[in-house]
Amino acid sequence: MPKKVAPLTDTQIKNLKPKDKRYKKSDGNKLYIVIEPNGRKWWMYEYGKTRTNLSLGNYPDVSLKEAREKRDAYKQYEKENISHNDIRYRKNHEENSFEKLTLKYLQQKNISDKHRKDTLNRLKNHVFPTFGHKNINDITKHDILQVMDKMKEKQIIDTAYRMFGIINDVFKYASTYNICERNIANDIDIKVILPKKTSQNYPHILDEKEISKLLHTIEKYSGDFIVKQALLLAPYLFSRIHPLVNMEWSEIDFKNKLWDIPAYKMKKKRDFLVPLTDSMIEIIESLKPFQMNNYVFVSNRSESGHIAADSLNKALHKMGYKDKITIHGFRHFAATILSENAHKIGVSSDAIKFELSHYKKDTFTRVYNKAKYLEERKKLMKWWSDYIDNLRNR
């Protein structure tokens, strides 16, 4: 009967000193800690009847607990009579599946959490069911075309173009790191497969009387108070919807009347300052009694802690404005009115573009400053705030 080995402890492992030659200490069940003459310590498991030495990683990067978990996993493989080579193939196959590589790629890609989440949801709906489980080297052009055809049948052409772009990017990522031999998506002319993309056009209103009527309708909104206040603030700020619903108290400088939006919340990935006015601050301060976390538009019904972006557009739908305007539509309205009145306001077209965050990346990247045109933009936002006040009071 083999001698029973006492399990190792972390203290024992830490106290193991290097010697002139490599030596090992057993933790039992064919798991060993190996100590090299240079002081390196690493885990080794003797796999199978042939007792093939497998490295489980360096200590303490791989803890005693983790090494034992890996040993137990290998023991299960042994019970199933799986060879060492088959294990290596399985691990390589699973590690380099399209889904896992996509997750790695999206994690290192410089995009917002919202964009990453939305992209993953689309992939789970349209791409992963077909070949997400496949090793990237086993995916064929037919697989990709099959996904494109399904979306074409559903008439979600814009989504199909987005998904093909991600597929192409993941193959390029894998090819760069020699995980796959080449990017097979390059062999596909997507414009031949799919119809022309439709231009994205958010519903919007440009008529002053109609906007005035909408503002009065929002004033009378009897739904959620937090949502109502966000709707009241949206026309003043004409920001994109996600920075708005994600607004935090720590971002508001009440003394200097500024909203300091961090880069990760902005589409262009740049810190951004928005001048505020008394009318805007009054709406924001009306929410102080409801403060339960750092979000201005707080919600105790969502995991995020703030109201959902969809809640604003859904409220507009309930008011009878479905297919007439969205929150993004306020940006169209502001862009039109401000451009027409730039001379009257006394600001440059560049200041208007900057306030709308419509600046071109290649134009501003090198000289970007979140306070750029700030004095002009303060004048701009004061004029705009008075303009919205006037429409509300008609």
Side-chain angles (χ1 to χ4, degrees), residues 1-109 113 116-117 120 123-124 127-139 170-171 173-181 303:
M1 185 174 180
K3 184 180 178 182
K4 189 173 181 180
V5 178
L8 294 169
T9 66
D10 273 312
T11 301
Q12 287 176 321
I13 296 169
K14 288 174 184 176
N15 290 332
L16 291 172
K17 304 299 181 185
K19 298 179 180 178
D20 292 338
K21 293 183 179 181
R22 171 196 295 177
Y23 70 100
K24 62 184 180 182
K25 291 287 184 180
S26 175
D27 183 60
N29 292 315
K30 301 192 291 182
L31 176 66
Y32 299 87
I33 185 78
V34 181
I35 301 89
E36 301 283 359
N38 62 6
R40 175 191 167 218
K41 297 173 184 177
W42 56 280
W43 295 104
M44 181 182 75
Y45 179 69
E46 294 180 341
Y47 187 81
K49 294 179 180 179
T50 58
R51 302 184 80 87
T52 303
N53 294 336
L54 303 183
S55 172
L56 307 186
N58 293 331
Y59 178 87
D61 296 337
V62 175
S63 68
L64 175 59
K65 180 176 180 292
E66 290 170 330
R68 287 170 177 166
E69 289 173 353
K70 289 186 177 185
R71 172 195 60 196
D72 293 342
Y74 277 119
K75 284 179 72 66
Q76 184 59 40
Y77 286 137
E78 286 177 312
K79 288 180 181 179
E80 297 173 19
N81 294 317
I82 299 173
S83 71
H84 173 231
N85 288 333
D86 284 343
I87 292 173
R88 290 178 62 184
Y89 175 79
R90 280 191 183 188
K91 286 184 176 294
N92 177 64
H93 191 89
E94 292 170 2
E95 188 67 25
N96 293 329
S97 71
F98 183 82
E99 182 172 349
K100 286 198 174 184
L101 289 172
T102 301
L103 295 175
K104 286 182 181 179
Y105 167 73
L106 289 176
Q107 197 57 45
Q108 56 87 40
K109 188 173 172 61
D113 291 339
R116 188 178 290 107
K117 183 179 178 181
L120 270 175
L123 286 161
K124 288 174 182 177
V127 179
F128 290 165
T130 300
F131 57 78
H133 63 287
K134 280 191 172 186
N135 183 286
I136 198 164
N137 289 290
D138 297 334
I139 296 170
V170 172
F171 266 96
Y173 169 79
S175 179
T176 299
Y177 288 100
N178 293 319
I179 297 170
C180 67
E181 292 184 7
E303 293 182 4

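What you see below is based on every heavy atom in this structure, not just the backbone, and it leaves out hydrogens, waters and symmetry mates. Residue indices begin at 1 and follow the sequence shown.
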Problem set entry | Over all atoms of both residues, closest heavy-atom pair of Ala174 and Leu101 | CB-CD1, 4.2 Å

Problem set entry | Derivation of the side chain to side chain contact (heavy atoms under 4.5 Å, CB included) call for Asn135 and Ser97 | CA-CA 4 Å; Asn135 183 286; Ser97 71; 5.9 Å; no

Problem set entry | Inter-residue atom distance Ile35.CD1 - Arg40.CZ, 0.5 Å rounding | 11.5 Å

Problem set entry | Side-chain donor/acceptor of Lys24 to backbone N/O of Ile33, under 3.5 Å | no

Exercise. Is there a donor-acceptor contact under 3.5 Å from the side chain of Asn15 to the main chain of Thr11?
Worked result: yes

Exercise. Do the rings of Phe171 and Phe98 sit parallel, tilted or perpendicular, given the 30° and 60° boundaries?
Worked result: tilted

Seminar exercise, completed: Output for pair (Leu31 CG, Leu64 CG), nearest 0.5 Å, gives 7.5 Å

Exercise. When rounded to the nearest 0.5 angstrom, what distance separates CZ in Arg68 from CG in Asp72?
Worked result: 9.5 Å

For this session: Examine the side chains of Asn29 and Tyr74 and answer whether a donor and an acceptor come within less than 3.5 Å of each other.
Result: no

For this session: For side-chain hydrogen bond (donor to acceptor under 3.5 Å, both in side chains), just list the numbers for Asp10 and Tyr59, CA-CA rounded to whole Å, side-chain angles, deciding distance to a tenth of an Å, and then say yes or no.
Result: CA-CA 10 Å; Asp10 273 312; Tyr59 178 87; 3.1 Å; yes

Problem set entry | Beyond-backbone contact of Lys104 with Val170, side-chain heavy atoms, under 4.5 angstrom | no

Exercise. Could you state the interatomic distance from CE (Met44) to NZ (Lys30), rounded to the nearest 0.5 Å?
Worked result: 11.0 Å

Exercise. Quick check: does any side chain N or O of Gln108 sit under 3.5 Å from a backbone N or O of Tyr105, one acting as donor and the other as acceptor?
Worked result: yes

For this session: State, yes or no, whether a side-chain contact exists between Pro37 and Pro18 at a heavy-atom distance under 4.5 Å.
Result: no

For this session: Return yes if some donor-acceptor pair links the side-chain N/O of Lys41 with the main-chain N/O of Ile13 below 3.5 Å, else return no.
Result: yes

For this session: Would you check if the side chain of Asn53 reaches a backbone N or O of Glu46 as a donor-acceptor pair within less than 3.5 Å?
Result: no

For this session: Kindly give the heavy-atom pair with the smallest separation between Leu56 and Tyr45, and that separation in Å.
Result: CD1-CB, 3.9 Å

For this session: Provide the closest heavy-atom pair for Gly28 versus Ser26 in the form atom of the first, atom of the second, distance.
Result: N-OG, 2.9 Å

For this session: Go through Asn137 and Asn96 one step at a time and tell me if the side chain to side chain contact (heavy atoms under 4.5 Å, CB included) criterion holds.
Result: CA-CA 8 Å; Asn137 289 290; Asn96 293 329; 5.5 Å; no

Exercise. Under 4.5 Å between any side-chain heavy atoms of Gln107 and Arg116, yes or no?
Worked result: yes

Problem set entry | salt bridge (charged side-chain N to carboxylate O under 4.0 Å, His left out) evaluation trace for Glu69 with Lys65 | CA-CA 6 Å; Glu69 289 173 353; Lys65 180 176 180 292; 2.7 Å; yes

Problem set entry | side-chain hydrogen bond (donor to acceptor under 3.5 Å, both in side chains) between Trp42 and Glu36, worked out | CA-CA 8 Å; Trp42 56 280; Glu36 301 283 359; 2.9 Å; yes

Exercise. Distance from Phe131 atom CZ to Ile139 atom CD1, nearest 0.5 Å?
Worked result: 5.0 Å

Exercise. When rounded to the nearest 0.5 angstrom, what distance separates CD1 in Ile136 from NZ in Lys100?
Worked result: 14.0 Å

For this session: Test the Lys124-Phe128 pair against the cation-pi criterion, namely NZ or CZ under 6.0 angstrom from the six-membered ring centroid and within 45° of the ring axis.
Result: no

Problem set entry | Evaluation steps, side chain to side chain contact (heavy atoms under 4.5 Å, CB included), between Tyr23 and Leu16 | CA-CA 10 Å; Tyr23 70 100; Leu16 291 172; 3.9 Å; yes

Exercise. Is there a donor-acceptor contact under 3.5 Å from the side chain of Arg22 to the main chain of Val34?
Worked result: no

